[in-house]
Amino acid sequence: MIKLFVPGRLCLFGEHTDWAGHYRTMNAQIAPGAAIVTGIEQGITAEVERSSIFEVQSCAPQISGEWHDFACRMDEQELKRVARSGSFFCYCAGVASYMLEWYKVGGVRIKITDMTLPIKSGLSSSAAICVLVARAFNQIYNLNLNTMGEMNIAYVGELRTSSRCGRLDQACAFGVKPILMNFDGDEIEVKSLNVKRKLYWVFADLMREKDTIKILASLNKAYPFPSNPQEEALHEALGKKNLEIVDKAIKYMAEGKAEALGKLMTQAEELFDKAVAPLCIDQLAAPRLHEILADEHIKPLVWGGKGVGSHGDGSVQFLARDAATQQQLIDYLEQQGLHAYKFTLQPVHTVRKAIIPVAGFGTRLYPSTRCMKKDFFPIPCPDGMVRPVILILLEELVQSGIEDICLVLGSEEERKLYMDFFERPLSEEHLSKLNIESQEYETHIMDIGKRLHYVYQNEKRGFGHAVYQAAEFAHGEPVLLMLGDTLYRSKTNKPCALQLIEAYEATNTLTLGLYPINVKETSHFGIMSGVWEDKKETLLRVSALHEKPKSSYAEEFLGVRNSEGDHEYCSVFGQYILTQDVFNQLEKDIREADAHPEQKKEIELTSALDAVRKVNGMFGVRLKGERYDMGNPAAMVNTVATFAMADDD
């Protein structure tokens, strides 16, 4: 049994530009389409499992009154007939018919357990159910489709019905986060957007009728070549002027300028009314929409507002001034007989905390670890300095913008060693023997010491147990985890840690650095497999995570197919962005182990990561850098010999 959630989607800017941008295949003078779309808090939750037939059931109280369970044989022609019928389940059948035709899958049972997404309100409830069905088949039958693949199948599946959906409808596949979608002919690109501060949206069903098919048919008549000034104005509005609006919106969201963003919404609506609405005025005059937008009771509560989807009297959206006015607006709209919903765009978490576990004894480097912790082993660096391992790691964190760093020590007695190094200045006698550059570097070391915090793993119960000691330090925020016996060297002007942080901010999901290795090395590392999310093959949607698998197993089950058709093997780089879900899982694992002390089970991080992956997903990021292991004698020799070399040596 697998649990899935697919949200509805709200188009914030750029409606109609998905199909308009497609016409670039016929007229290169048309500007590419661009839309800012976000998943919303309302959506569909379901439990899915294998079945001999295709079944859709529900126990969701929100739809119990109009619902009847659906079942159909996994027969291509029968599924296509249901898809063309226009029945309640035509969208589900359309996707299922495609999956059967192209992937030869068996059946699935989909049981909808919660449905908070309003239907026929411009929020793509049909696209959400299509994505849900595509994702169910993908995960149940391990088809290794990435998010774009699921989105494309949902789109094609919906087209097998009488619906004429646009390409941005299935943006709900990317989850509850804002994305930029670019439409250039047949090409679609998706990019996650940054949000600096909370943005308080309200959208409402206007409870009126509109004919979306007629709207789209009327506007499409102006493409691919305009034949009069009015059609030329439409091309410009959905092309050049839309690109200008979208660029500004991206900038305002990243800078947290809510008032400017709200005014931009109003400007976008004015442009739509002037240049788009005249081509289908009987549907797009939208008297109810404009009545609500002009309501004097609403204006003090919002920064701006506009229509939704194909526009007309379908739905309206507003950007409220704050959380209080958001609720006031919902209450007022409900009083006017509308169905109103709130959606708060959350800021993308900037990672400002890091954890480095250094509690291990360093058994493989005995007996040197009797007198020196392995994270203090000296390493020659390209600038001629000889630094201890821990200082190299801490400097990378500081360069990556990390503000607070937690060291997980083996005991409280060890703290004195770190305090002596990072918090106790050199004596005047020793300081006077250093050159000016080294004296200034002393200040740098003391500044790093101000960022340090300490926790203790008094019981040696596994790596996951060590990481969990920093749960209170993390305090619900995402944190960067670095290994204490591995060094990193970036091949760009960005440290590896910063590359990972930026990747996390684009996904807002548990994220690991990945490092390609030879299949013969897999038994020494954690190995992840999955499918690439992007054409550059840098972002991997992880579908499996195994700790030190045998090479034979990895070769058969864990290869990641690249664009050339070959298999790569992706090990964990040694840097992770951990979410609160990981600490929750570790806490659960510790409780279970405490309940059965006779089993003496170690608390492993990999198993906790994989448990979180199964519920909330996980990404691996190919970082542009090298790693240098310090965990065993052979690796240490290689690190000492090569780390000092500059990149061009």
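Everything quoted here is computed from the prediction, not taken from an experiment.
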Residues in salt bridge (Lys or Arg N to Asp or Glu O under 4.0 Å) contact with D211, at least two apart in sequence or another chain: none
Let me check something: any side-chain donor-acceptor pairs from residues 542-553 under 3.5 Å, sequence neighbours excluded? List them with distances.
residue, atom, partner, partner atom, Å
S543, OG, S529, O, 3.4
E547, OE1, T606, OG1, 2.6

Atom CD of residue position Q599 - does it have more than 12 heavy atoms of other residues, nucleotides or ligands inside 6.0 Å? yes
For the residue pair H68 and F89, categorise the inter-ring angle as parallel (less than 30°), tilted (30 to 60°) or perpendicular (more than 60°). perpendicular
Could you label the plane-to-plane angle of the Y515 and F573 rings as parallel, tilted or perpendicular, counting under 30° as parallel and over 60° as perpendicular? tilted
Where do R24 and D184 land on the salt bridge (Lys or Arg N to Asp or Glu O under 4.0 Å) test, with the steps shown first? CA-CA 6 Å; R24 279 175 57 80; D184 189 348; 2.6 Å; yes
So, are K111 and E47 salt-bridged, with charged N and O less than 4.0 Å apart? no
Is D610 salt-bridged to R613, going by a charged N under 4.0 Å from an acidic O? yes
Side chains of residues 95-106: which donor-acceptor pairs under 3.5 Å do they make with residues two or more places apart or in other chains?
residue, atom, partner, partner atom, Å
S97, OG, A93, O, 3.4
S97, OG, G94, O, 2.7
S97, OG, R160, NH1, 3.0
E101, OE1, R160, NH1, 3.1
E101, OE1, R160, NH2, 2.6
K104, NZ, E101, O, 3.1

Side chains of Y23 and N220 in contact at under 4.5 Å (non-hydrogen atoms): yes
For [X] and [Y], does a side-chain donor sit closer than 3.5 Å to a side-chain acceptor?
X    : Y    : value
Y341 : D205 : no
E150 : N138 : yes
Q585 : D589 : yes

Test item: [X] side-chain N/O and [Y] main-chain N/O as donor-acceptor pair under 3.5 Å:
X    : Y    : answer
Q499 : K624 : yes
Q317 : C11  : yes
Q326 : W201 : yes
D534 : L539 : yes
K306 : L12  : yes
Y91  : G157 : no
N242 : G33  : no
Q580 : G476 : yes

I'd like to know whether H16 forms a ring pair (Phe, Tyr, Trp, His ring centres under 6.0 Å) with F183, so could you lay out the CA-CA distance, the side-chain angles of the two residues, the decisive distance to 0.1 Å, and finally the verdict. CA-CA 11 Å; H16 292 294; F183 309 97; over 10 Å; no
